[in-house]
Protein chains: 2
Amino acid sequence: MQAAERRQKKTELKREAILRSAAAAFRRKGYHGTSMEDISEALLMTKGSLYYYFQDKEAILFACHDFSLDKVLATLKQDPEASASQRLARMIEALVHVIIDELGGSALALDFTALSPELLARIIAKRDQFDRGMRAVIQQGVKSGEFRKVDVKLASFAVLGAINWISKWFRPEGEQTAHDIARTYSDLLVSALKAGELPAAPRRK
Amino acid sequence: MQAAERRQKKTELKREAILRSAAAAFRRKGYHGTSMEDISEALLMTKGSLYYYFQDKEAILFACHDFSLDKVLATLKQDPEASASQRLARMIEALVHVIIDELGGSALALDFTALSPELLARIIAKRDQFDRGMRAVIQQGVKSGEFRKVDVKLASFAVLGAINWISKWFRPEGEQTAHDIARTYSDLLVSALKAGELPAAPRRK
DNA sequence: GCATGGTTCTACCGTTCGTTCAAACTTCAA
DNA sequence: TTGAAGTTTGAACGAACGGTAGAACCATGC
C-alpha cells in the first residue's frame with residue numbers, strides 16, 4: 001500500500017504541474033489561443049499524455065478556476081472579530097499573494113466563457129460566494145461608520161478589479177515583490193473606503 | 001464627387017460597425033475564440049465580406065486597440081492648470097465613459113498577445129504613452145503633497161486595474177449607469193491617493 | 001439600357017487543433 | 001524473471017477555422 005500512495009501522490013503532483021503550465025499559457029495567450037501541445041511541451045510531454053490526467057481541455061480550464069477559487073475563498077475565513085478595515089486589509093493582502101503565488105497569477109482573470117453551462121455554473125457559484133463575502137466586509141464597515149457610504153457593489157468591483165488586474169502586468173523579474181504589492185494595495189484600497197476628513201464632497205455640476 | 005463622399009462615409013461607418021461587433025465578440029469569447037463568422041453574422045453579413053474592409057483578422061484586432069487607445073489618450077489632454085486631484089478625477093471619469101461607451105466596453109482589456117510584433121509594438125507605444133501621462137498626474141500630486149507618498153507605478157496600476165476591470169462585469173441592462181460608475185470610481189480612487197489625516201500608518205510587522 | 005466600379009456571396013483550400021487509440025514502455029510486487 | 005498495472009507515445013481522424021478567388025449583385029452616371 002505504501003507504493004500505491006506514492007504513486008497517487010506522484011500523479012497528483014503531475015496534475016498540478018499541468019495546471020500551472022496551463023494557467024500560465026492561458027494567461028498569456030487565452031484559452032482558445034493555447035493548444036494542448038503548448039501545455040504539454042512546456043512539461044516535456046506529448047499532448048496525448050495530458051488525456052491520461054484530464055478528460056479534455058475544458059476540464060483543465062475548469063480545474064484551474066476551481067483550484068484558484070478555493071484559494072481565494074480561503075481568504076474569507078479569517079479574523080473572528082476584527083474591524084472592517086483590518087479584515088479588508090488582510091483580505092486584500094491575502095488575495096494579492098494568491099494571485100501572484102498560486103498558479104502564477106491566474107485566478108479570476110481567465111475566460112470562463114469557454115466552459116460549458118454545467119461547469120460554468122459551478123464556477124460562478126463559487127465566485128458569487130466570494131463576492132458576497134467581500135461585500136459583507138465592506139457593508140460592515142459602512143454600517144459601523146468606518147467606511148464612507150459607498151455603493152457596496154461598485155466598491156467591491158473596484159477593489160477586486162485593481163487586484164485582479166495584477167495578473168496582467170506582474171512579472172516575477174520585476175522590481176516589486178508580492179509583499180510590496182500586497183502592502184501598497186491594501187493601504188491604497190482601504191484608504192479609498194475609509195471615512196476621512198474629506199467630506200463626502202459636494203461635487204461640481 | 002458628392003456620391004463618392006457618401007460612399008466613403010458609408011464604408012467608414014461599416015468599418016466601425018465591424019469593429020463594434022468584433023470588440024463585443026472578442027470581449028466575450030477572446031480573440032482566438034471568436035471566428036470571422038461570429039463577427040460577420042451579428043451584422044447579417046458573410047465572413048467573406050469582412051475581407052473587403054480589413055486585410056485579415058489581426059487587422060481587426062489592431063483597429064480595435066488603436067481606436068480605443070486614441071479615445072483613451074484623448075483623456076490626457078485636459079485641464080491646463082488644475083490640481084492633481086482634479087485632473088485625476090476628470091481623467092478617471094473620462095476613462096470610465098470611454099470604457100463603457102466606446103466599442104461597448106473593450107479598450108485595454110483585450111488580448112494583444114495575438115498581434116504580430118510590428119503591430120504589437122505600435123499598440124504598446126500608445127499604451128506606454130498613456131501610462132506615462134497617468135503617472136505624471138499622480139507624480140504631480142505626490143510632489144505637491146496633495147497625494148500620499150506612494151509608489152507611483154503601483155498606484156497607477158491599481159487605478160487602471162479598477163477601471164479596466166469594468167469591462168468584465170458591466171452590463172448595459174444593469175442598474176448602474178456609466179455616469180454613476182464614473183462618479184463613484186473617481187471618488188474612491190482619488191481618496192485612495194489623497195493625503196488624509198490617517199498617518200502613513202505604521203504597519204504591523 | 002448599358003457599362004463601370006464598388007460590394008457581397010458561395011465554394012473551396014490548407015492548416016491547425018482537440019481527441020482517440022492501440023501499441024510500447026516503465027515500474028514494481030510476487 | 002515474469003506479469004500486471006500504470007504511464008507515455010505517435011500516428012491518425014474529423015471538425016473548425018482563416019483566408020482566397022471568382023462569380024454575382026447592385027448602384028450610379030452616361
Side-chain angles (χ1 to χ4, degrees), chain A residues 1-19 21-26 28-64 110-116 118-119, chain B residues 1-19 21-23 25-26 28-64 110-116 119:
Chain A
M1 281 303 135
Q2 192 82 0
E5 279 176 29
R6 253 207 317 271
R7 252 203 320 265
Q8 206 176 332
K9 191 108 188 177
K10 203 173 175 188
T11 68
E12 193 51 41
L13 284 178
K14 203 132 202 177
R15 276 178 62 97
E16 282 185 26
I18 292 174
L19 286 189
S21 172
F26 289 161
R28 276 189 302 117
K29 323 194 345 182
Y31 174 72
H32 293 286
T34 307
S35 69
M36 295 297 271
E37 238 155 358
D38 288 336
I39 300 172
S40 62
E41 269 177 10
L43 298 165
L44 304 179
M45 299 196 220
T46 56
K47 64 175 175 174
S49 311
L50 297 181
Y51 290 85
Y52 183 75
Y53 295 95
F54 292 94
Q55 200 195 346
D56 53 20
K57 194 182 176 188
E58 190 188 7
I60 297 179
L61 179 62
F62 175 79
C64 282
L110 299 179
D111 321 348
F112 20 91
T113 43
L115 291 171
S116 67
E118 304 86 51
L119 295 183
Chain B
M1 279 303 136
Q2 192 82 1
E5 279 176 29
R6 255 209 315 273
R7 252 203 319 265
Q8 205 176 333
K9 191 105 185 178
K10 204 173 174 188
T11 68
E12 193 49 43
L13 284 178
K14 203 133 202 177
R15 276 178 62 97
E16 282 185 26
I18 292 174
L19 287 189
S21 172
F26 290 161
R28 276 190 301 117
K29 322 193 347 183
Y31 174 72
H32 293 285
T34 41
S35 67
M36 294 297 271
E37 240 157 355
D38 288 336
I39 300 172
S40 62
E41 270 177 10
L43 299 166
L44 304 178
M45 300 195 218
T46 55
K47 67 171 177 175
S49 311
L50 296 181
Y51 289 87
Y52 182 74
Y53 294 94
F54 291 95
Q55 200 194 349
D56 53 20
K57 193 182 177 189
E58 190 189 8
I60 296 180
L61 178 63
F62 175 79
C64 282
L110 299 178
D111 320 347
F112 18 91
T113 44
L115 291 171
S116 67
L119 295 182

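A note on names: the letters A, B, ... follow the listed sequences, proteins ahead of strands, and every chain is numbered from 1.
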Using whole Å, what does the distance between atom [atom2] of nucleotide [N] and atom [atom1] of [X] come to?
X        : N       : atom1 : atom2 : answer
Asp56(A) : dT19(C) : CG    : C1'   : 9 Å
Leu43(B) : dT7(C)  : CG    : P     : 16 Å
Lys29(A) : dT16(C) : NZ    : C1'   : 12 Å
His32(A) : dC17(C) : NE2   : P     : 14 Å
Met36(B) : dT8(C)  : CE    : C1'   : 14 Å
Lys10(A) : dC28(C) : NZ    : C1'   : 12 Å
Lys9(B)  : dA27(D) : NZ    : P     : 21 Å
Tyr31(A) : dG18(C) : OH    : P     : 8 Å

- Query: Touch check for Ser40(B), heavy atoms < 4.0 angstrom, all strands: base, sugar-phosphate only, or nothing?
  - Reply: nothing
- Query: Are the side chain of Ser21(B) and the backbone N or O of Ile39(B) linked by a donor-acceptor pair below 3.5 Å?
  - Reply: yes
- Message: Looking at every heavy atom in both Lys29(A) and Asp38(A), which two are closest together, and how far apart are they?
- Response: NZ-OD2, 3.2 Å
- Please check the phosphate of dT8(D) (OP1 and OP2 only) for any side-chain N or O of Lys14(A) closer than 4.0 Å. yes
- Item | Short side-chain N/O contact from Tyr52(B) to OP1 or OP2 of dT8(C), under 4.0 Å | no
When rounded to the nearest 0.5 angstrom, what distance separates [atom1] in [X] from [atom2] in [Y]?
X        : Y        : atom1 : atom2 : result
Lys47(A) : Glu37(A) : NZ    : CD    : 5.0 Å
Phe26(B) : Leu61(B) : CZ    : CG    : 5.5 Å
Lys57(A) : Thr34(A) : NZ    : OG1   : 6.0 Å
Met36(B) : Ile60(B) : CE    : CD1   : 4.0 Å
Lys14(A) : Tyr52(A) : NZ    : OH    : 11.0 Å

- Which nucleotide in the list dT8(D), dT7(C), dT20(D) gets nearest to the side chain of Tyr53(B)? dT7(C)
Pull out every protein N or O sitting under 3.5 Å from an N or O of nucleotides 9-15 of chain D, one pair per line with the distance.
| from | atom 1 | to | atom 2 | distance (Å) |
| --- | --- | --- | --- | --- |
| dT9(D) | OP2 | Thr46(A) | N | 3.1 |
| dT9(D) | OP2 | Thr46(A) | OG1 | 3.1 |
| dT9(D) | OP2 | Ser49(A) | OG | 2.7 |

